[in-house]
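To start, the structure itself, in structure tokens.
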Amino acid sequence: MYALLLDSSDKNLTVGLSCDGKVIDVISYEAWQKQSEFMIQEIKNLMVKHNLTRNDFNAVVCSKGPGSYTGVRIAMTIAKTIVFALNIPLYLVSSLEVLANFEKPSICLMNARGKRSYMGVYEKGNVLMADCIKENSDVLAYIAQHPEYVVCGDTGYLGVEGFTSDLVSIMANSLDDKHQEEEPLGAKPIYLKDNYDEGHFKTIVRKMLPSDMDAVMAIEKECFGAEAYSEKQIAYDLNENPVSAIYCAVVDHEVVGFIDFMITFDSASITQIAVKESFRKKGIGNLLIGQLIKDCESKEDHVDFLTLEVRKSNLTAQSFYKKHKFQNITVKKNYYSDGEDAIYLVRSL
Amino acid sequence: MAKILAIESSCDETAVAITDDGKLLANVVATQIAVHEKFGGVMPEIASRLHTENITVCLTQALDEAKVKMEDIDAIAVTRGPGLIGCLHVGLQAAKTLAMLYDKPLIPVHHLAGHIYANEYVGQFEFPLLCVVVSGGNTELVVMRDEMDFEIIGETKDDAIGECYDKVARVLGLPYPGGLPIDQHAKLGKHTYQLREPDSPAGKYDVSYSGLKTQVINLVNSLKQKGTPVNIDDMARSFQDVAVGMIMDRALKAIHDFKAKQVVLAGGVSANSYLREQMSKALEGSDTKIIIPPLWCTTDNAAMIAKVGEHLYKKGIFADLDLGVDPNWKIDHWMDFKNE
């Protein structure tokens, strides 16, 4: 009886055939964004070559991500459709685990773009560090701290040479309880990269809509009290001010925070950033700042600086900005209407 | 006798249908509307993820409903485009997998041909026929002189009419999708706001909706700035009069010029009661008949894909297993699906 092995989580298209845990044939080549067209044809080719019918398969092994979103979905959709049709078990393997060296502890890596990597650490099939997404600088630091570990994967993008694994053999050896998917019909890939996970939504950041006004005003009043902007001021930034943008952080329908900023030529200034009290210290401020930086990076004119003013007495906010690499530049005397000084903070991009 | 299994995943519905010589045996639709409502529009990446999660569940349900086995199916039809690329990939992989495993013909179907042919569930086509294709992604006037013969004679030069409805609904604080709420509010309102049809684009049967959308947004914002409350009913009515008026004007010209024996409405916006009413009224007592699709056919489904699949099955139009998707496939190029 045969197992079909499928991987399209990165640049390659890989279709393998194994019999009793031994790989008997493999087709693997670079097919970036072409897996959708060719994968089925390659499965067919293998079946014809080995004179197999659909009833000769007794299992499908598929990499479940992380990796290219579309790529992961292609192998996963094919695998799910086969196990649905033939009523055979589905085995899912991490697309990082299949990169591992089988002798030594392995740091398995894949380019996640945006200066980040998908990373998982494995030793002889055991997980030392669960698959996650990390800044490339952190990955390089981890590699330096673990000289005895093998760096695995197509890691040229890090300037490091990576071990090339026998991917299909690892897949062929994954037909065990640990990798078997209990509900193959509902199986879904592992994406890691954002906040949609486990069937529900965590925080998303999106442009403010006119219908968000009431929620935004409630947060505005909660956070800034007597100093709060009027609805008119917010509406001006939302609808008319050509250099400003407002983004909302939304958790399950509810607006829980927002950022209002202006980008003018080479600098961006934060007009307001606010998070509802009950949602603070959950990383929502980070997401909002992240959105601002993303906007800055998408501008044609290069944006060099982020600037803002903060009340001298607002130490919580100051430590938040410090964490985000803002630096004290100067104190603006009597900046606020009640006479309090403002600290002027700048961060270069 | 042919049993067709059809798969549709071009946007925010995962759908599987099974037909037996035109008779609908199963029509399963897993809608994602509740998810996309939160964002005020379809998020392509999330839609693609949900398709991957739902596809085999929908297949199982369809076989159960139809009380058939995969071995009984004669051909697999699938939406190849137009649509959201990541979403199309999912349905295509499932369809190709089944065609490969069971060695059955794979039929590539154009999504809008599906919306047009959905009308065959309620009436018979007479040619020449004018199709008014109006949805969230498309606004086209298509002339058919024969079965599976499509000529696009007019289209939107920018936004689709449904997209325009969704955006106007958003500005008015109405839910997504915007078609139904605007239609409902319009029934209660009067045409009091000054909105006008944007300047006529190039072709005689072409339309432009982006200008109309901008007019509504500017008007609503300037009223808000002045502190004047916006009458939602009246704004919806004023907008709908102009939006539907534009497409009616082009359609009636085309019916006359092409001597259409029949008009069919197709696509999501064909559910709009005002469009249905205006078109029926305009053709009353004329020689041109009208087919109005049942409401279940105005949203995406796979029954309509199966319907086109039957026609192509009879003609023997099948694809190879290296079939790809085409998010921008034009209906008059529905025969072009082979890889170079």
Side-chain angles (χ1 to χ4, degrees), chain A residues 33-45 47 53-55 57 69-86 90 183-189 191 193-194 196 199 201 204 206-207 209-214 231-232 235-236 238-240 250 252-254, chain B residues 7 9 35 37-41 43 45-46 48-60 63 69-71 85-103 106 169-175 217-218 220-222 224-225 227 320-325 339:
Chain A
Q33 295 188 337
K34 287 280 177 196
Q35 292 111 332
S36 169
E37 286 167 30
F38 301 144
M39 195 161 222
I40 290 289
Q41 185 63 57
E42 298 297 2
I43 298 172
K44 174 92 184 174
N45 292 346
M47 288 173 72
T53 72
R54 62 175 182 271
N55 297 320
F57 291 121
Y69 292 175
T70 301
V72 168
R73 277 196 285 271
I74 284 165
M76 178 73 84
T77 306
I78 293 172
K80 286 180 65 170
T81 308
I82 296 174
V83 303
F84 142 77
L86 305 181
L90 172 66
E183 290 178 45
L185 296 189
K188 53 190 176 192
Y191 298 100
K193 215 170 189 173
D194 47 41
Y196 170 70
F201 294 89
I204 62 146
R206 57 148 172 81
K207 278 236 157 103
L209 307 175
S211 54
D212 295 329
M213 185 56 89
D214 291 348
E231 184 171 329
K232 217 169 163 180
Y236 176 76
L238 178 64
N239 300 316
E240 301 197 15
V250 182
D252 199 21
H253 287 273
E254 190 191 353
Chain B
I7 300 176
S9 70
V35 174
E37 236 170 15
K38 297 179 189 177
F39 307 100
M43 306 294 276
E45 173 59 22
I46 290 168
S48 306
R49 291 180 182 195
L50 292 171
H51 285 308
T52 310
E53 282 181 45
N54 293 337
I55 184 73
T56 36
V57 176
C58 292
L59 284 167
T60 310
L63 290 180
K69 293 197 197 64
M70 265 317 297
E71 287 82 354
I85 183 163
C87 297
L88 290 164
H89 277 309
V90 177
L92 182 80
Q93 297 313 314
K96 294 207 301 185
T97 305
L98 295 174
M100 184 268 296
L101 284 180
Y102 293 89
D103 208 13
L106 175 69
R170 195 189 271 198
V171 175
L172 296 180
L174 299 174
I217 293 172
N218 289 344
V220 168
N221 286 342
S222 80
K224 278 190 179 161
Q225 282 298 304
D320 295 333
L321 287 178
D322 66 354
L323 181 70
V325 300
N339 282 324

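Residue numbers begin at 1 in each chain, while the letters A, B, ... track the order of the sequences. No hydrogens, no waters, no symmetry mates; every other heavy atom, side chains included, goes into these values.
Paired with A:Phe84 under the rule side chain to side chain contact (heavy atoms under 4.5 Å, CB included), one option of B:Leu98, B:Thr97, B:Val57, B:Ile55 passes, and it is B:Leu98.
For chain B, no part of A:Glu42 is nearby; none of its heavy atoms comes within less than 4.5 Å. B:Lys224 touches chain A through its side chain: at least one heavy atom from C-beta onward sits under 4.5 Å away, while N, CA, C and O do not. In this structure, chain B has a heavy atom under 4.5 Å from the side chain of A:Met47, while its backbone stays farther away. The parts of A:Ala85 that come within reach of chain B are both its backbone and its side chain, each placing non-hydrogen atoms under 4.5 angstrom from that chain. If you measure heavy-atom distances from B:Ile85 to chain A, you find no contacts under 4.5 Å at all. Both the backbone and the side chain of B:Leu59 have a heavy atom closer than 4.5 Å to some heavy atom of chain A.
Note on A:Ile43, A:Thr81, A:Leu238, A:Asp212: by heavy-atom pairs under 4.5 Å with chain B, the leading option is A:Thr81. Considering only heavy-atom pairs separated by less than 4.5 Å from chain B, the leading option among A:Thr77, A:Val72, A:Ile82, A:Val83 is A:Thr77. The residue among B:Asn218, B:Val90, B:Asn54 with the most heavy atom pairs within less than 4.5 Å of chain A is B:Val90.
Rounding to the nearest 0.5 angstrom, the gap separating the OH atom in A:Tyr236 from the CD atom in B:Gln225 is 9.0 Å. How far OG1 of B:Thr56 is from NZ of A:Lys80: 3.5 Å, rounded to the nearest 0.5 Å. Rounding to the nearest 0.5 Å gives a distance of 8.5 Å between OG of B:Ser222 and CD of A:Glu240. Between B:Leu92 atom CG and A:Ile74 atom CD1 the span is 9.0 Å, to the nearest 0.5 Å. Note that CD1 of A:Ile40 is 9.5 Å distant from CG of B:Leu106, once rounded to the nearest 0.5 Å.
Across every non-hydrogen atom of A:Ser211 and B:Gly173, the tightest pair is CB-CA, 4.1 Å. B:Gln93 and A:Ser36 get closest at one heavy-atom pair: NE2-OG, 2.8 Å. When all heavy atoms of B:Leu101 and A:Arg54 are compared, the pair lying nearest together is O-NH1, 3.1 Å.
Every residue meeting the side chain to side chain contact (heavy atoms under 4.5 Å, CB included) condition with A:Lys44, not counting sequence neighbours, appears here in chain and number order: A:Gln41, A:Val48, B:Met100, B:Asp103, B:Leu321. Considering only residues two or more places apart in sequence or on other chains, A:Glu37 meets the salt bridge (charged side-chain N to carboxylate O under 4.0 Å, His left out) condition with A:Lys34.
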